[in-house]
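These values consider heavy atoms only, across backbone and side chains, with no hydrogens, waters or symmetry-generated copies.
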Amino acid sequence: MHTQFQKIGSSKGKRRVCLWNKKLSEAGFPIGQPIHIEVCWGAVWILPDSDGKRKVSRVMNHGNELPVIDLKETKSLDLSCLGEIGGRVEVTISDGRIIIKK
């Protein structure tokens with residue numbers, strides 16, 4: 001299990017949380033993995049889901065390919081439970097799930 005704290009960014013005035021590091025692959029979220037994102041109990045849960053509409057993307061960082069999950073607030077994804085832009089969230093990455101909470 002890995003826990004990190006991260007700042008809530010913004011994209012076009014909406015909340016944005018972008019996760020990218022090697023820990024994602026180790027926890028079962030490799031590049032291309034379909035995922036399901038759900039907001040419940042005041043947190044954002046990300047789970048692997050073979051029928052998921054979203055997938056783990058990739059980014060190149062100093063020649064290394066890393067998995068990335070970029071969460072942008074939309075009509076279908078309400079990130080208000082995490083707080084305001086500029087606030088901090090706790091991200092817990094463990095086998096088969098990622099939990100983001102205030």
Side-chain angles (χ1 to χ4, degrees):
M1 184 168 80
H2 172 76
T3 300
Q4 66 188 39
F5 293 91
Q6 193 162 329
K7 192 174 182 179
I8 300 171
S10 68
S11 174
K12 299 179 183 176
K14 304 280 185 174
R15 293 170 190 85
R16 176 184 187 194
V17 177
C18 189
L19 310 173
W20 53 289
N21 63 39
K22 289 186 270 187
K23 301 287 184 191
L24 295 177
S25 287
E26 296 168 8
F29 296 91
I31 295 166
Q33 171 69 48
I35 56 174
H36 173 73
I37 301 167
E38 187 171 336
V39 178
C40 59
W41 299 316
V44 177
W45 291 63
I46 305 170
L47 306 167
D49 181 357
S50 58
D51 296 325
K53 295 179 181 177
R54 299 179 103 188
K55 291 185 179 183
V56 177
S57 299
R58 70 182 185 101
V59 67
M60 293 299 288
N61 183 26
H62 301 288
N64 296 318
E65 189 176 62
L66 297 173
V68 62
I69 299 174
D70 192 2
L71 303 175
K72 296 178 186 175
E73 190 168 49
T74 63
K75 289 180 184 177
S76 61
L77 181 59
D78 181 10
L79 300 178
S80 62
C81 66
L82 300 178
E84 298 303 318
I85 294 170
R88 294 175 57 84
V89 292
E90 178 181 309
V91 180
T92 303
I93 302 169
S94 57
D95 288 340
R97 75 173 171 236
I98 299 170
I99 302 171
I100 306 169
K101 61 185 177 181
K102 192 171 183 178

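Distance check: Ile98 CD1 to Ile35 CD1 gives 7.0 Å after rounding to the nearest 0.5 Å. Rounded to the nearest 0.5 Å, atoms SG (Cys81) and CD1 (Ile100) are 9.0 Å apart. One distance of note links CD of Gln4 with CD1 of Ile93; it measures 5.0 Å at 0.5 Å rounding. In this structure, the separation between CZ on Arg15 and CD on Glu73 is 4.5 Å, given to the nearest 0.5 Å. Distance check: Leu79 CG to Lys72 NZ gives 12.0 Å after rounding to the nearest 0.5 Å. Expressed to the nearest 0.5 Å, how far CG of Leu24 lies from CD1 of Ile31 amounts to 9.5 Å.
Crowding of Met60 atom CE: a count of heavy atoms from other residues, nucleotides or ligands under 6.0 Å exceeding 12.
Every residue was checked against the side-chain hydrogen bond (donor to acceptor under 3.5 Å, both in side chains) condition with Thr3, not counting sequence neighbours, and none meets it. Judged as a side-chain hydrogen bond (donor to acceptor under 3.5 Å, both in side chains), and not counting sequence neighbours, Arg54 has no contacts. Considering only residues two or more places apart in sequence or on other chains, Ser50 meets the side-chain hydrogen bond (donor to acceptor under 3.5 Å, both in side chains) condition with none of them. Lys102 meets the side chain to side chain contact (heavy atoms under 4.5 Å, CB included) test with no other residue; sequence neighbours excluded.
Residues Ile46 and Leu77 are members of one and the same hydrophobic cluster, defined by side-chain heavy-atom contacts under 4.5 angstrom among Ile, Leu, Val, Met, Phe, Trp and Tyr. Both Leu19 and Ile37 are members of a single hydrophobic cluster when ILVMFWY side chains are connected at heavy-atom separations under 4.5 Å. Put simply, Val89 and Val39 are part of the same group of oily side chains (I, L, V, M, F, W, Y) that touch within less than 4.5 Å, one to the next.
When all heavy atoms are compared, the tightest approach of Ser94 to Ala27 is O-CB, 3.3 Å. Shortest non-hydrogen contact noted between Leu47 and Gly96 is CD2-O, 3.6 Å. Residues Gly28 and Pro48 approach most closely at O-CG, 4.1 Å, considering heavy atoms.
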* Check step by step if side chain to side chain contact (heavy atoms under 4.5 Å, CB included) holds for Val44 and Val17. => CA-CA 11 Å; Val44 177; Val17 177; over 6 Å; no
* To do: Dump the intermediate steps for side chain to side chain contact (heavy atoms under 4.5 Å, CB included) on Thr92 and Met1, then the final yes or no.
  => CA-CA 7 Å; Thr92 303; Met1 184 168 80; 3.7 Å; yes
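The list of side chain to side chain donor-acceptor pair (under 3.5 Å) pairs with a residue in residues 23-33, not counting sequence neighbours, is empty.
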Under 3.5 Å, sequence neighbours excluded: what are the donor-acceptor pairs made by side chains of residues 61-70?
from  : atom 1 : to    : atom 2 : distance (Å)
Glu65 : OE2    : Arg58 : NH1    : 2.8
Asp70 : OD1    : Arg16 : NE     : 2.9
Asp70 : OD2    : Arg16 : NE     : 3.3
Asp70 : OD2    : Arg16 : NH2    : 2.7

